[in-house]
Enquirer: 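Before we start, here is the structure in question, set down as C-alpha cells.
Numbering of residues begins at 1 and proceeds along the displayed sequence.
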Amino acid sequence: MPSRRVPRRRVVAGLVVTCAATTVAVPSGGAVAAGPDPEVRQVRLPDSNGDVISSQPGVFHLDPLKAVKADAKVQRVMYRTTDRTGMPIAVTGTVLVPHKAHAAPRPIIGFAPAPQGLADRCAPSRQPAEGTEYETLPVKGLLDEGYAVVVTDYQGLGTPGAQTCMDREAQGRAVLDALRAAQRLDAAGLPDAGPVALHGCSQGGGASAAAAELAPTYAPELKIQGAVVGAPPADMNEGADSMDCSLHGAFFNHALTGLSASCGIDTAPYLTAHGRRVTNDLRDNPCTTQALAEYPFLNSRFLTAGGRPLTERLKRAPWDKIVADQQLGRRRPPSRPCSPTAPWTTWCPSRSQTRSSTADAVRWGVV
C-alpha cells in the first residue's frame with residue numbers, strides 16, 4: 001500500500017474543526033456467550049487485545065427517515081479488549097471508511113461516544129441502522145475530511161452484561177482497542193501502522209482523555225497524533241454535584257449504575273422501591289434523548305431510602321476510592337497536541353471540568 005506521511009497538525013486541526021460486552025473471567029481463547037445479534041454469538045476470544053472476533057456489513061443512516069446514508073463503507077465489528085480488572089472481554093463497534101480519497105496513509109479516528117443510554121438497543125453500532133444516533137453529524141464531519149472512523153460501543157453496550165458507564169479504564173481501553181481492530185480489519189483496508197487520533201465529548205471526552213492517558217503503557221504502538229477532549233467529566237464529584245437535580249440528572253444515575261456494575265456494588269440497599277424502579281428503567285429502556293425527556297431534573301434524594309442525595313454517598317467508602325480512581329489528568333498522556341474543548345461544549349454538563357482538564361494538560365505540556 002503506498003504511503004505518505006500525514007502531518008500531525010493537519011490531522012489535529014481537522015479534528016478540532018469538525019470537532020460492548022460480557023465481563024467474563026476467561027483466559028485467552030476462552031469461550032464467551034455474546035448475545036442474540038447475528039454477529040453476537042458464542043465466540044472464542046483471540047489472543048491479543050484489538051484482534052477482530054467477527055465482522056459484518058452495516059448501514060449508517062444520518063437521519064430518522066433513513067433518507068441519507070453516510071458516504072462510507074460500514075462494517076460492524078466485535079473485537080477483544082479488557083475490562084477494568086484486566087480480564088479479556090468482547091466489545092462491539094463500527095468501522096467507517098469514507099469513499100472520499102485521502103492521502104495515504106489514511107488517518108483513523110477513535111470516536112468515543114457521548115452518553116447513549118444503558119440499554120443494548122442504544123449501542124452506537126445499532127442506532128444508525130434506525131437513523132436514531134444523535135452523533136451521526138460529527139462522525140459525518142470526520143468522514144467528509146477523508147478520515148476513517150471507528151466508534152466503540154464500550155463494555156456491555158450492545159452485548160450482554162451491564163454497561164460500565166464512566167469507568168475510566170474500561171472506556172479508555174475500549175477506544176484504544178477499537179483503533180487496533182480497525183487497523184486489523186481486512187475488509188476496511190486501512191493501514192496497520194498509520195496515524196490515529198482520539199475524539200469525544202462529555203462521556204466520550206472522558207473516554208478520549210482516558211485513552212490518551214492509558215496509551216503510553218496500554219497501546220504504545222499506536223501513533224496517536226492528537227485528541228479532542230470535549231467537556232470531559234474530569235472530576236466525578238464535581239460532575240455529580242452539577243448533574244444531580246439538573247436537566248442531565250439521568251446521566252448521574254447512569255454513572256452510578258455503570259460504576260456499581262464495574263466494581264460489583266449493589267445499589268439496591270441505598271434506594272427506595274421507587275428509586276429501584278427508576279434506576280432499573282433507566283438501565284433497561286430509554287436511550288439518551290428519551291431518558292432526558294422522561295427524567296428531567298432527576299433528584300437523587302427522592303430515590304434514596306434515607307432521603308439524602310446520592311452525591312453525599314460518593315464521598316464515603318467504598319465510593320470515595322472508586323470516584324478518585326476515575327479522576328482525569330493525573331497520568332501523563334502522550335506528548336501530542338490535545339484540544340480540551342469542542343464546538344458543542346456548551347451543552348455538556350460542566351464546563352468547569354473542561355477548565356480543570358485543561359490545567360492538567362498544560363501541566364503535562366501537551367496543549
Side-chain angles (χ1 to χ4, degrees), residues 18 20-21 34-40 54-79 90-98 109-144 148-166 171 174-175 178 181-182 199-205 207-208 230 248 250-251 254 257-258 281-295 344 347-348:
T18 60
D37 269 11
E39 84 284 8
V40 182
S54 62
S55 66
Q56 66 175 32
V59 62
F60 201 88
H61 290 291
L62 301 177
D63 66 294
L65 297 178
K66 303 181 183 179
V68 183
K69 294 181 181 179
D71 187 22
K73 181 179 181 180
V74 182
Q75 290 282 322
R76 295 181 64 192
V77 297
M78 178 184 288
Y79 62 94
V91 164
T92 49
T94 307
V95 178
L96 301 100
V97 181
I109 311 304
F111 191 97
Q116 301 290 312
L118 302 184
D120 282 343
R121 69 184 183 87
C122 305
S125 68
R126 297 188 183 190
Q127 292 202 71
E130 301 302 321
T132 56
E133 173 53 57
Y134 70 94
E135 287 196 296
T136 54
L137 290 183
V139 171
K140 178 183 182 297
L142 296 170
L143 295 172
D144 288 346
V149 180
V150 57
V151 186
T152 182
D153 287 342
Y154 299 130
Q155 177 184 354
L157 187 57
T159 46
Q163 189 206 8
T164 54
C165 176
M166 299 314 303
Q171 291 183 161
V175 172
H199 184 294
C201 180
S202 187
Q203 179 185 356
S208 177
H248 305 94
F251 290 170
H254 285 169
T257 298
D281 182 51
L282 281 168
R283 180 195 65 200
D284 297 335
N285 295 305
C287 299
T288 292
T289 54
Q290 296 96 332
L292 294 179
E294 292 174 21
Y295 296 99
W344 52 84
W347 70 262
C348 296

Enquirer: Minimum heavy-atom separation for T94 to V77, with atom names?
Expert: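 Nearest pair, atom of T94 first, then V77: N-CG2, 4.4 Å.
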Enquirer: After noting the C-alpha distance and the side-chain angles of F111 and L96, does the key distance pass the side-chain contact (heavy atoms from CB on, under 4.5 Å) rule?
Expert: CA-CA 11 Å; F111 191 97; L96 301 100; over 6 Å; no
Enquirer: Please lay out, stage by stage, how L118 and T257 fare under the test side-chain contact (heavy atoms from CB on, under 4.5 Å).
Expert: CA-CA 9 Å; L118 302 184; T257 298; 3.7 Å; yes
Enquirer: For V139 and E133, run side-chain contact (heavy atoms from CB on, under 4.5 Å): C-alpha distance rounded to whole Å, both residues' side-chain angles, the deciding distance at 0.1 Å, then the answer.
Expert: CA-CA 10 Å; V139 171; E133 173 53 57; over 6 Å; no
Enquirer: Which of these passes side-chain contact (heavy atoms from CB on, under 4.5 Å) with Y154: P124, P113, C165?
Expert: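 Passing option: P113.
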Enquirer: Got a second to check how far T164's OG1 is from L157's CG, nearest 0.5 Å?
Expert: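 Atom-to-atom, T164:OG1 and L157:CG are 9.5 Å apart.
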Enquirer: CG of D281 to CD of E294: how many Å apart, nearest 0.5 Å?
Expert: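 One gets 6.5 Å once the value is rounded to the nearest 0.5 Å.
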Enquirer: Can you tell me if R76 uses its side chain to pair, donor with acceptor, with the backbone of V59 under 3.5 Å?
Expert: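 No.
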Enquirer: What's the shortest heavy-atom distance between L62 and A70, and which atoms?
Expert: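 Taking every non-hydrogen atom into account, CG-N, 4.0 Å.
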Enquirer: Between SG of C122 and CD of Q163, what distance do you get to the nearest 0.5 Å?
Expert: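 Here the interatomic distance stands at 9.0 Å.
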Enquirer: Provide the closest heavy-atom pair for A291 versus P286 in the form atom of the first, atom of the second, distance.
Expert: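 Closest pair (atom of A291, atom of P286, distance): N-CB, 3.6 Å.
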Enquirer: Charged N to carboxylate O under 4.0 angstrom, K66 versus E130?
Expert: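 Yes, K66 and E130 are salt-bridged.
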Enquirer: Check L143, V149, T136, V68 against F60 for a side-chain contact (heavy atoms from CB on, under 4.5 Å) and give me the one that passes.
Expert: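 Exactly one candidate clears the test, T136.
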Enquirer: NZ of K69 to CG of D71: how many Å apart, nearest 0.5 Å?
Expert: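 Here the interatomic distance stands at 11.5 Å.
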Enquirer: Quick one: closest heavy-atom pair of A112 and A207, and the distance?
Expert: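 Scanning both residues completely, I find the closest heavy atoms to be CB-CB, 3.7 Å.
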Enquirer: Quick check: closest heavy atoms across G200 and S208, and the distance to 0.1 Å?
Expert: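 Shortest heavy-atom contact: N-CB, 4.0 Å.
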Enquirer: For Q116 and Q203, run side-chain hydrogen bond (donor to acceptor under 3.5 Å, both in side chains): C-alpha distance rounded to whole Å, both residues' side-chain angles, the deciding distance at 0.1 Å, then the answer.
Expert: CA-CA 9 Å; Q116 301 290 312; Q203 179 185 356; over 6 Å; no
Enquirer: What distance do C287 atom SG and L282 atom CG have between them, rounded to the nearest 0.5 Å?
Expert: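 C287 SG to L282 CG: 11.5 Å, rounded to 0.5 Å.
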Enquirer: Considering all heavy atoms of both residues, which atom of Y79 and which atom of A181 are nearest to each other, and what is their separation?
Expert: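 Heavy atoms only, the tightest pair is CB-CB, 3.7 Å.
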Enquirer: Checking side-chain hydrogen bond (donor to acceptor under 3.5 Å, both in side chains) between T132 and each of H61, Q127, R126, R121, which is the one that passes?
Expert: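 For T132, the side-chain hydrogen bond (donor to acceptor under 3.5 Å, both in side chains) test succeeds with only one of H61, Q127, R126, R121, which is Q127.
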